[in-house]
Amino acid sequence: MKITAVFALTFLAGLPLVFAQENDVANAVLQTERDLATAYLKSDADGIAQGVMEDYTLTNSMGKITTRADDIGEARKNDPKYEIFENYDMKVRLHGDTAVVTGKTHTKGVSGGKPFDFQFQFTDTFVKDGGRWRLVAGHVSKLPAKEK
């Protein structure tokens, strides 16, 4: 009986450390997500290249699949030109060296000379690569326009 109690107490004493470590990892993933949003906002091709895997794909809101090369090319052309690229309501699920982030994105700017202002729901999948989190796949769905 004493051994069971000692085991249970040891287990419970270690739980805060496990949760703290998991929270640190989740925060690192969210910071990577925020850094990528900033890279897209600033048309930072190098920041995008560092933040996404070489085989990265995005299924956009029209069902088209785009790649890392597509995103880097757009950043170099500065089209679209973002005024806002902001993620919010984000949640992280951790699975070893893989993390899934869900949330919403507000983008506003000009693309092909035409203004846009959209809200999206997204799912991004990150993997741990060389000690840092990198985006490997994403999917976005356009949300209905807000009533004014």
Side-chain angles (χ1 to χ4, degrees), residues 3-4 6-112 116-146:
I3 292 174
T4 304
V6 169
F7 178 76
L9 287 173
T10 303
F11 174 76
L12 291 173
L15 282 179
L17 179 61
V18 170
F19 288 125
Q21 289 171 339
E22 188 170 295
N23 197 35
D24 288 347
V25 173
N27 286 334
V29 172
L30 289 174
Q31 186 59 54
T32 301
E33 186 78 71
R34 287 188 289 272
D35 291 346
L36 273 171
T38 300
Y40 282 95
L41 174 69
K42 295 181 176 183
S43 294
D44 177 3
D46 292 334
I48 294 168
Q50 289 176 10
V52 302
M53 297 292 290
E54 288 71 13
D55 60 346
Y56 162 78
T57 57
L58 169 72
T59 303
N60 71 21
S61 63
M62 295 175 284
K64 180 182 174 192
I65 296 175
T66 61
T67 66
R68 177 181 190 255
D70 296 326
D71 288 4
I72 291 170
E74 286 181 349
R76 288 192 174 130
K77 288 188 263 181
N78 202 24
D79 189 6
K81 171 75 174 140
Y82 293 102
E83 179 183 325
I84 298 171
F85 195 117
E86 180 181 71
N87 293 332
Y88 60 99
D89 290 347
M90 294 187 291
K91 293 179 178 52
V92 180
R93 295 190 319 261
L94 300 170
H95 301 277
D97 285 345
T98 304
V100 177
V101 179
T102 56
K104 295 178 183 173
T105 302
H106 177 206
T107 62
K108 181 178 180 180
V110 177
S111 180
F116 64 87
D117 188 351
F118 298 119
Q119 303 277 336
F120 299 97
Q121 178 74 41
F122 73 86
T123 302
D124 283 344
T125 303
F126 289 85
V127 294
K128 192 86 175 238
D129 178 57
R132 62 188 168 135
W133 290 99
R134 296 182 72 201
L135 184 60
V136 70
H139 185 277
V140 297
S141 298
K142 194 171 166 185
L143 294 171
K146 291 183 177 179

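Residue indices begin at 1 and follow the sequence shown. Below, all heavy atoms of this structure are taken into account, side chains as well, without hydrogens, waters or symmetry copies.
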Any side-chain donor near an acceptor of the partner, Asp35 and Gln31, under 3.5 Å: yes
Minimum-distance pair of heavy atoms, taken over all atoms of Ala26 and Val92: O-CG2, 4.0 Å
Any side-chain heavy-atom pair of Val29 and Val101 under 4.5 Å: yes
Lys142 side, atom NZ; Thr105 side, atom OG1 - distance, nearest 0.5 Å: 14.0 Å
Ile48 and Glu74, any side-chain heavy atoms less than 4.5 Å apart: no
Approximate separation, where rounding is to 0.5 Å, of His139 NE2 and Ile65 CD1: 9.0 Å
pair Asp97-Val127: side-chain heavy atoms closer than 4.5 Å: no
Side chains of Met90 and Phe122 in contact at under 4.5 Å (non-hydrogen atoms): yes
Side chains of Leu143 and Phe120 in contact at under 4.5 Å (non-hydrogen atoms): no
Inter-residue atom distance Gln119.CD - Ser141.OG, 0.5 Å rounding: 13.5 Å
pair Thr32-Phe126: side-chain heavy atoms closer than 4.5 Å: yes
Side-chain (Gln121) to main-chain (Gly103) donor-acceptor, under 3.5 angstrom: yes
Identified side-chain contact (heavy atoms from CB on, under 4.5 Å) partner of Met53 from the options Thr125, Leu135, Val136: Val136
Distance in Å, Thr107 OG1 paired with Glu86 CD, rounded so as to fall on 0.5 Å steps: 11.0 Å
Min side-chain heavy-atom separation Asn27-Val25 under 4.5 Å: no
Side chain to side chain, Tyr40 and Asp71, heavy atoms closer than 4.5 Å: yes
Distance-only donor-acceptor check, side chains His106 and Asn87, under 3.5 Å: no
Main-chain N/O of Ala39 paired to Ser43 side chain as donor or acceptor, under 3.5 Å: no
Pair listing, salt bridge (charged side-chain N to carboxylate O under 4.0 Å, His left out) test, anchored in residues 120-137, at least two apart: Glu54-Arg134, Asp129-Arg134
From CA spacing to verdict: side chain to side chain contact (heavy atoms under 4.5 Å, CB included), Lys91, Val100: CA-CA 8 Å; Lys91 293 179 178 52; Val100 177; over 6 Å; no
Euclidean distance, Arg68 CZ relative to Leu58 CG, rounded to 0.5 Å: 14.5 Å
Closest non-hydrogen atom pair between Trp133 and Gly96, with its separation: CH2-O, 3.9 Å
Donor-acceptor pair, side chain of Thr38 and main chain of Arg34, under 3.5 angstrom: yes
Qualifying side-chain hydrogen bond (donor to acceptor under 3.5 Å, both in side chains) pairs with a residue from residues 55-66, counting only residues at least two apart or across chains: none
Aromatic plane relationship, Phe116 with Tyr82 - under 30° parallel, 30 to 60° tilted, over 60° perpendicular: perpendicular
Whether Asp79 side chain and Gly112 backbone form a donor-acceptor pair below 3.5 Å: yes
